[in-house]
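Beneath this line is the structure, given in structure tokens, with notes to follow.
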Amino acid sequence: MPELPDVEGFRRVLQRHGAGRRIARVAVFDTGVLRNTSARELAGALEGQRFESPDRHGKWLLAHTTGPTLIVHFGMSGALRWCPDDSGRHKHDRAIFVLDRGELRYRDLRKLRGLWLAHTKDDCQHILGEQGPDALAIGPAEFHRRLTRRKRTIKPALTDQRLIAGLGNLLCDEILWQAHVYPELQTSDLSDADVSRLHRIMRRVLRQSLPEGCVPGKPRWLTGHRNAGGRCPRHHSPLRHKPVGGRTTYWCPKCQPAP
DNA sequence: TCAGTTGTTTATAT
DNA sequence: AATATAAACAACTG
């Protein structure tokens with residue numbers, strides 16, 4: 001599920017339960033989630049260190065420690081959980097970080113992304129690749145500049161992490177629906193008012209999603225109606241869906257008419 | 001049985 | 001050169 005609000009939720013878990021705590025033991029149950037390291041190297045690098053205050057950029061979580069930084073990307077099915085003891089471990093807990101109080105668990109069904117180890121700022125940059133400004137931090141002017149720099153289809157532009165970091169498939173559909181923008185509209189066809197409205201609504205959707213730790217399927221939101229027979233919460237007309245930019249896209253043809 | 005899945009990378013085409 | 005598309009990754013679920 002992880003998009004910006006989910007990853008921000010995982011950052012809060014790490015801040016609350018990890019920051020300042022000593023890493024007593026690292027156990028990897030499935031090395032398939034290790035991307036640039038081995039179980040032995042990860043344990044050797046982190047055991048005995050303490051987690052510090054974590055950072056997030058877009059969908060990336062930077063788990064700084066008194067030693068190296070553990071970098072986490074949750075793909076489509078990852079999560080970070082804290083448990084007070086070693087009970088109730090899950091089949092998909094691929095790695096655990098046993099602390100001096102409780103344990104953090106990296107759970108991931110599909111293992112599309114995983115865990116990296118970074119020793120320097122340079123390592124971090126290299127692992128994250130080219131990232132635009134975080135969607136929560138970007139201001140209206142920079143948003144306008146990056147979105148309209150080139151002609152692109154709006155949906156794949158909004159979800160391009162190099163333009164703006166943090167928006168995924170659900171957030172993007174929600175924002176476009178709330179802003180009355182057709183998902184295949186070309187960015188060159190957006191008016192200044194359109195772009196300004198998109199920015200405001202992006203911020204509102206993010207703000208309302210953050211406390212939930214996900215994109216909530218509120219009754220008055222598009223999210224939650226994206227299924228067969230789903231209807232627009234505004235006027236109950238049938239939603240349409242088709243792939244845009246390779247991702248299943250839902251929209252309301254009445255609220256978001258094609259130009 | 002088979003399509004579909006909230007992410008990203010790579011290769012290929014335009 | 002930049003953007004678009006498709007496949008691949010992996011492990012399910014309905």
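Every chain is numbered from 1 and lettered A, B, ... according to where its sequence line falls, protein lines coming before strand lines. Computation of the quantities below employed the complete heavy-atom set of this structure, encompassing side-chain atoms and omitting hydrogens, waters and symmetry-equivalent molecules.
Residue pairs meeting the side chain to side chain donor-acceptor pair (under 3.5 Å) criterion with at least one member in residues 127-141 of chain A, sequence neighbours excluded, are A/Arg56-A/Asp134. The salt bridge (Lys or Arg N to Asp or Glu O under 4.0 Å) contacts involving residues 112-127 of chain A comprise nothing, where partners must be two or more places apart or lie in separate chains.
Applying a 4.0 Å cut-off to non-hydrogen atoms, the residues of residues 143-159 of chain A that approach DNA chain C are A/Arg150, A/Arg152, A/Thr153, listed by residue number. The stretch residues 244-259 of chain A touches DNA chain B through A/Arg247, A/Thr248, each having a heavy atom under 4.0 angstrom from the strand. Near-neighbour residues of DNA chain B inside residues 172-181 of chain A, defined by a heavy atom below 4.0 Å, are absent. Near DNA chain B, meaning a heavy atom under 4.0 Å from it, residues 28-37 of chain A has no residue at all.
Heavy-atom contacts of chain A under 4.0 Å fall on DNA chain C between two terminal nucleotides, which in 5' to 3' order are C/dA2 to C/dC12.
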Go along nucleotides 9-14 of chain B 5' to 3' and tag each nucleotide: B for a protein heavy atom under 4.0 Å from its base, S when only backbone or sugar atoms are that close, - otherwise.
S-----
Could you list the donor-acceptor pairs under 3.5 angstrom formed between side-chain atoms of residues 207-224 of chain A and any protein atom two or more places apart in sequence or on another chain?
{"residue": "A/Ser209", "atom": "OG", "partner": "A/Val205", "partner atom": "O", "Å": "2.7"}
{"residue": "A/Arg220", "atom": "NH1", "partner": "A/Pro233", "partner atom": "O", "Å": "2.8"}
{"residue": "A/Thr223", "atom": "OG1", "partner": "A/Glu174", "partner atom": "OE1", "Å": "2.6"}

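Considering only residues two or more places apart in sequence or on other chains, A/Asn227 meets the side chain to side chain donor-acceptor pair (under 3.5 Å) condition with none of them. Partners of A/Ser188 by side chain to side chain donor-acceptor pair (under 3.5 Å), not counting sequence neighbours: none found.
Summarising the local packing, CZ of A/Arg101 is surrounded by 12 or fewer heavy atoms from other residues, nucleotides or ligands at distances under 6.0 Å.
Where DNA chain C pairs in unbroken runs of 3 or more (Watson-Crick or G-U, both distances under 3.5 Å), the stems are B:2-5 with C:11-14, B:7-14 with C:2-9.
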